[in-house]
Amino acid sequence: LTEKMKRSEEIHRLAIAGIQEAVFEYSTLDKSIYVNHIFGAMVGIPTLAENLGLFRFLSLFNQTMSNELKLTIERMEQGVETSFSMEILTDTPRVTWVLIRGTASINHQNKTICINGAISDISERKMLEDTINQMAYFDALTSLPKRTYLLEQLQKYMSQEEDPFFALLFIDLDNFKLVNDSAGHEAGDRVLQAVAAYLMGMTDLNMAESDAISAPINIAARLGGDEFVIVIPTDKTYSQLENFTERLLGEFDNLVICPEKDTYHVTMSVGIALYPEHAQDLTQLLQNADTAMYHAKRKGKNTSCIFEPDM
């Protein structure tokens, strides 16, 4: 009987070796994992031993994903057919993402004796998903988040904080149309890219200078055209907001971020709305900040204005 079992196992191993997909067999008895040669090639280690311990197998993944995989294997042991996608750590520059699927084999005592499964390389699919996600959430010209990403992050922040309080700054460039009309759209694009880099730098600086607990959100985003938004935490006395806005306008006015900015006297008009004081709905908050921005333009541009209900 033992000889027959050994022969049966050998035939099984040969069958696995011949499969043109990475497969694994995990023994619940000795915690060993058998993988075929396809898996070794997938992770960039052609000489990878076919019989691995669980620890060696898990070491191919980063700590977070290794823990998730361990939990996934435990669910498989309980008879739950499951799948899990994760990034593998390889010796090659290529980022490898795999999809692991497995099912448990049960003996006559209803105990799991092993888990058989397949490991598929989904790197190309993951890259495509990342590209689509990048296009959906981030502006191609400036790399800033778009409106969709901004609103999703704010909703997430508001749902997690007990007493969320932040300022939304609606920014519109003064004299930007003159750049496009006089110097062309390529020059206009350079201005937008320079402004985006400046705004990202300002939010990074604000985060660095703020207490980590009191500054859980700092976002710069592009809504479209020459309209941008910055969201920052602020105290309810407005002192942080006043300091930030003063520096935002002052440094932008003085810095030479690109030649076209100074040639055509590009400045910023900023409208400010506070959550939840001026609106508890994010769309309305944006509209209120937009309204305040137009009041800033009427005041002579290159200034800021806080929203008031009678606007």
- How far apart are the C-alpha atoms of Met311 and Cys305, what are their side-chain angles, what is the distance that settles it, and do they pass the side-chain contact (heavy atoms from CB on, under 4.5 Å) test? CA-CA 11 Å; Met311 286 180 176; Cys305 185; 3.3 Å; yes
Does [X] use its side chain to pair, donor to acceptor, with the backbone of [Y] at less than 3.5 Å?
X: Asn254; Y: Gly250; value: yes
X: Asp139; Y: Leu144; value: no
X: Lys261; Y: Phe252; value: yes
X: Ser120; Y: Ile122; value: no

In the single-linkage hydrophobic clustering (I, L, V, M, F, W, Y; side-chain heavy atoms under 4.5 Å), do [X] and [Y] co-cluster?
X: Tyr238; Y: Leu249; answer: yes
X: Phe138; Y: Ile219; answer: no
X: Tyr198; Y: Met200; answer: yes
X: Leu150; Y: Tyr157; answer: yes
X: Ile257; Y: Leu248; answer: yes

In a table with atom names and distances, give each donor-acceptor pair under 3.5 Å that connects a side chain of residues 68-77 to protein atoms at least two apart or in another chain.
residue, atom, partner, partner atom, Å
Thr72, OG1, Glu68, O, 2.9
Thr72, OG1, Arg75, NH2, 3.1

Indicate every side-chain donor-acceptor pair of residues 163-176 with a distance under 3.5 Å to a residue at least two apart or in another chain.
residue, atom, partner, partner atom, Å
Asp163, OD2, Lys236, NZ, 2.9
Asp172, OD2, Lys297, NZ, 2.9
Asp174, OD1, Ser269, OG, 2.7
Asp174, OD1, Lys297, NZ, 2.5
Asp174, OD2, Thr267, OG1, 2.7
Asp174, OD2, Met268, N, 3.4
Asp174, OD2, Ser269, OG, 3.2
Asp174, OD2, Asn302, N, 3.0
Asn175, ND2, His265, O, 2.8

Once ring-ring contact (aromatic ring centres under 6.0 Å, His included) is applied, do any residues pair with [X], and if so which ones, sequence neighbours excluded?
X: Tyr294; answer: none
X: His278; answer: Phe307
X: Tyr264; answer: none

Could you tell me if the side chain of [Y] sits less than 4.5 Å from the side chain of [X], heavy atoms only?
X: Gln155; Y: Leu282; answer: yes
X: Leu274; Y: Leu241; answer: yes
X: Leu199; Y: Thr203; answer: no
X: Ile100; Y: Phe24; answer: yes
X: Arg247; Y: Met202; answer: yes

Residues at least two apart in sequence or cross-chain that pass salt bridge (Lys or Arg N to Asp or Glu O under 4.0 Å) with Arg101, listed by chain then number, are Glu21
So, using side-chain contact (heavy atoms from CB on, under 4.5 Å) as the criterion, who are the partners of [X] when residues are at least two apart?
X: Gln287; answer: Thr283, Gln284
X: Lys111; answer: Asn107, Gln109
X: Thr131; answer: Met135
X: Glu129; answer: Arg125, Lys126

[X] [atom1]: over 12 foreign heavy atoms closer than 6.0 Å:
X: Glu186; atom1: CD; answer: no
X: Tyr137; atom1: OH; answer: no
X: Lys156; atom1: NZ; answer: no

Atom [atom1] of [X] and atom [atom2] of [Y]: how far apart are they, to the nearest 0.5 Å?
X: Ile272; Y: Ile306; atom1: CD1; atom2: CD1; answer: 5.0 Å
X: Asn218; Y: Phe244; atom1: CG; atom2: CZ; answer: 7.5 Å
X: Glu251; Y: Glu246; atom1: CD; atom2: CD; answer: 10.5 Å
X: Ser182; Y: Lys177; atom1: OG; atom2: NZ; answer: 9.0 Å
X: Arg147; Y: Leu286; atom1: CZ; atom2: CG; answer: 5.5 Å
X: Leu141; Y: Leu192; atom1: CG; atom2: CG; answer: 6.0 Å

Heavy-atom closest contact ([X] atom, [Y] atom, distance):
X: Gln240; Y: Pro233; value: OE1-O, 3.8 Å
X: Ala196; Y: Thr142; value: CB-CB, 3.5 Å
X: Thr96; Y: Ser123; value: CA-OG, 3.3 Å
X: Leu285; Y: Ala273; value: O-CB, 3.6 Å
X: Tyr26; Y: Lys31; value: OH-CD, 2.9 Å
X: Ala22; Y: Ile38; value: N-CG2, 3.4 Å

Connected to Ile113, directly or through other members, by ILVMFWY side-chain contacts below 4.5 Å are none
The side-chain hydrogen bond (donor to acceptor under 3.5 Å, both in side chains) partners of Asn67 (sequence neighbours excluded) come to Gln63
